[in-house]
Peer 1: 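Take this structure first; my questions come after.
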Number of protein chains: 2
Amino acid sequence: MDRRQQKTRIAIYEALTKLLKKKKFEELTVQDIIDEANIGRSTFYSHFETKDQLLEEMCREMFEHVFSHDLTPESGHDFSGGHKGIADRLTHVLYHIKEHKENISAILGGESEQTFVRYFREFLEDAFDDVLTHMNSGVPDDFRRQFIIGSFVETVKWWIGTGLELVPEEVVMNYIAMLGRI
Amino acid sequence: MDRRQQKTRIAIYEALTKLLKKKKFEELTVQDIIDEANIGRSTFYSHFETKDQLLEEMCREMFEHVFSHDLTPESGHDFSGGHKGIADRLTHVLYHIKEHKENISAILGGESEQTFVRYFREFLEDAFDDVLTHMNSGVPDDFRRQFIIGSFVETVKWWIGTGLELVPEEVVMNYIAMLGRI
DNA sequence: CATCTTATCGAACACGATGTTCGATATTTT
DNA sequence: AAAATATCGAACATCGTGTTCGATAAGATG
């Protein structure tokens, strides 16, 4: 990839990240972004078709960076009771979030949240597919999936809302405490 | 209120409800709405400042209609264990939703969901304030609130997603089954 | 280094949606 | 019947979007 392309792409991402700290995504104009990024109008449009596609791609790339590594169920873990293994992996996810606090909490907060949350759910469904299936608890399968994931997303939103005060372990403990059992 | 005002207001609401079945809210234009409602452009703007305000008010009015009655904790109920009273009241809420299935599922589904969900949460926080406070379960108060309400909203979204197949009692049973205990 | 390639620039443009204005008309209230 | 007010609708200004294109600059290639 041409260096110039990399440069502008980074400039756009950084501009958006910076602007998201002041304004909601929907309130931003393309003009705002290209001014902040200090690039030409047509350049922006040669990289992204629309403003929404920009957010979309930024979220996607962030998820790739943040969660690309080692989130498949690690071998040799305790899945017998289901408890310990899941807790560990959830904790792991939260640590990744904490590391990328800046980018993520910039996106969250507006309604751009939607896009982020969509990717987050997708990721969780994949990453925890194994523990979500094969697990009879007397409720419909799809409901259990949606409930467990939805309430975890809710937990993370709460955590971020508090400014990530608690350590991930505590957060997961709270989550599991509310869920009762997984 | 002048009859003419009532008429146009209803026409607008009905137009929006009808259009929401085909398109997402964000994809609708004011022109679409006033065409469907068969009113003049300036008339629309004499009723609502923006399209968003229309959605806002429609949600508000719907909530007033749907949940205005008898959702305060009824006297003489069993709140000792906490279980039965809450389950009954949640069931009650779901019945109200089912009655207004048409309007609500029209709003849900797009991103207009946001607005609806906001009102729904607000309502739940008020209606269940008593059971949400004074309830020590070893997790932070605000977390417990957000978790219980958030996961109930999630449950309702799932329910609506299935086309309201289950009866409210079953839905609440599932919800409580997942929560373990309240 | 010379040349080819490609990205950026930026002004200009067409387009679509928004929200306002105002005089004419129709309906309701009193 | 008269006064008040809501609707109509065309016209308008404004703003954001996304496109186009020739000129310029920067990078890739040999």
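The chains referred to below are lettered A, B, ... by the order of the sequence lines, with proteins before strands, and numbering in each begins at 1.
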Peer 1: When you measure from the side chain of B/Arg4, which nucleotide among C/dG19, C/dT27, D/dG9 comes out closest?
Peer 2: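 Shortest atom-to-atom distance from the side chain points to C/dT27.
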Peer 1: Taking for each residue the nucleotide of DNA chain C bearing the nearest heavy atom, is the 5' side occupied by B/Lys51 or by B/Met1?
Peer 2: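 Per heavy-atom nearest nucleotide, the more 5' residue is B/Lys51.
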Peer 1: Roughly, in whole Å, what's the span from CD in B/Gln31 to C1' in C/dT20?
Peer 2: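 Result: 15 Å.
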Peer 1: When you measure from the side chain of A/Asp2, which nucleotide among C/dT20, D/dC8, C/dA7 comes out closest?
Peer 2: C/dA7
Peer 1: Please confirm whether the shortest side-chain N or O distance from B/Thr8 to OP1 or OP2 of D/dT7 is below 4.0 Å.
Peer 2: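 Yes, within the criterion.
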Peer 1: Can the ring centroids of B/His92 and B/His96 be said to lie less than 6.0 angstrom from one another?
Peer 2: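 They qualify: ring centres under 6.0 Å apart.
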Peer 1: Name the closest nucleotide to the A/Val30 side chain, picking from C/dT28, C/dT18, D/dT17.
Peer 2: D/dT17
Peer 1: Would you kindly compare A/Arg9 and B/Arg3 by the position of their nearest DNA chain C nucleotide and give the one closer to the 5′ end?
Peer 2: A/Arg9
Peer 1: Would B/Phe143 and A/Tyr175 count as a close aromatic pair, with their ring centres under 6.0 Å?
Peer 2: no
Peer 1: If the helix axis at each end comes from five base pairs, how far does the helix from C/dC1-D/dG30 to C/dT30-D/dA1 deviate from straight, to 10°?
Peer 2: 40°
Peer 1: Nearest to the side chain of B/Tyr45, which nucleotide is it out of C/dT8, D/dG16, C/dT18?
Peer 2: C/dT18
Peer 1: Short question: side chain of B/Lys157, backbone of A/Gln146 - any donor-acceptor pair under 3.5 Å?
Peer 2: no
Peer 1: Taking NZ, NE, NH1 and NH2 as the nitrogens, is one of them in B/Glu64 or B/Arg60 under 4.0 Å from a carboxylate oxygen of the other?
Peer 2: yes
Peer 1: Tell me the interatomic distance from B/Phe44, atom CZ, to C/dT21, atom C1', rounded to whole angstroms.
Peer 2: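 B/Phe44 atom CZ is separated from C/dT21 atom C1' by 17 Å.
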Peer 1: Could you check how far CD of A/Gln6 sits from C1' of C/dA7, rounded to whole Å?
Peer 2: 13 Å
Peer 1: Can you measure A/Ile10 atom CD1 to C/dT8 atom P for me and round it to whole angstrom units?
Peer 2: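 Taking CD1 of A/Ile10 and P of C/dT8, I get 12 Å after rounding.
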Peer 1: So, are B/Arg145 and B/Asp142 salt-bridged, with charged N and O less than 4.0 Å apart?
Peer 2: no
Peer 1: Output the rounded distance in Å from CD (B/Glu27) to C1' (C/dA17).
Peer 2: 15 Å
Peer 1: For A/Asp52, answer base if it contacts any base atom (sugar-phosphate contacts may also be present), sugar-phosphate if it contacts only those atoms, and nothing otherwise; contact means non-hydrogen atoms under 4.0 Å.
Peer 2: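 If one applies the 4.0 Å heavy-atom cut-off, A/Asp52 turns out to touch nothing in the nucleic acid.
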Peer 1: For atom CD of A/Glu49, decide whether the heavy atoms of other residues, nucleotides or ligands shown that lie under 6.0 angstrom number more than 12.
Peer 2: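 12 or below, so no.
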Peer 1: For the pair made of NZ in A/Lys23 and C1' in D/dG16, what is the distance, rounded to whole Å?
Peer 2: 12 Å
Peer 1: Measuring from the side chain of B/His47 (C-beta onward, heavy atoms only), which nucleotide among D/dT7, D/dA28, D/dT17 has the closest atom?
Peer 2: D/dT7
Peer 1: Side chain of A/Ser42 only, heavy atoms from C-beta on: which candidate in C/dT18, D/dT19, C/dG10 is closest?
Peer 2: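 In terms of side-chain proximity for A/Ser42, the closest of C/dT18, D/dT19, C/dG10 is C/dG10.
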Peer 1: Considering just the side-chain nitrogens and oxygens of A/Thr43, establish if one lies under 4.0 Å of OP1 or OP2 belonging to C/dC9.
Peer 2: yes
Peer 1: Return the orientation label for the B/Phe63 and B/Phe123 ring planes: parallel under 30°, perpendicular over 60°, tilted otherwise.
Peer 2: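 Because their plane-to-plane angle lies in the 30° to 60° range, the rings of B/Phe63 and B/Phe123 count as tilted.
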Peer 1: Given D/dG27, D/dG18, C/dT8, identify the nucleotide with an atom nearest to the side chain of A/Gln5.
Peer 2: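 Of all the options, the side chain of A/Gln5 is nearest to C/dT8.
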Peer 1: Tell me the interatomic distance from A/Arg41, atom CZ, to D/dG18, atom C1', rounded to whole angstroms.
Peer 2: 7 Å
Peer 1: Among A/Leu94, A/Asp88, A/Thr91, exactly one meets side-chain contact (heavy atoms from CB on, under 4.5 Å) together with A/Glu169. Which residue is that?
Peer 2: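 Among A/Leu94, A/Asp88, A/Thr91, the one that satisfies the side-chain contact (heavy atoms from CB on, under 4.5 Å) with A/Glu169 is A/Thr91.
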Peer 1: Separation of B/Lys7 atom NZ from C/dT27 atom P, in whole Å?
Peer 2: 8 Å
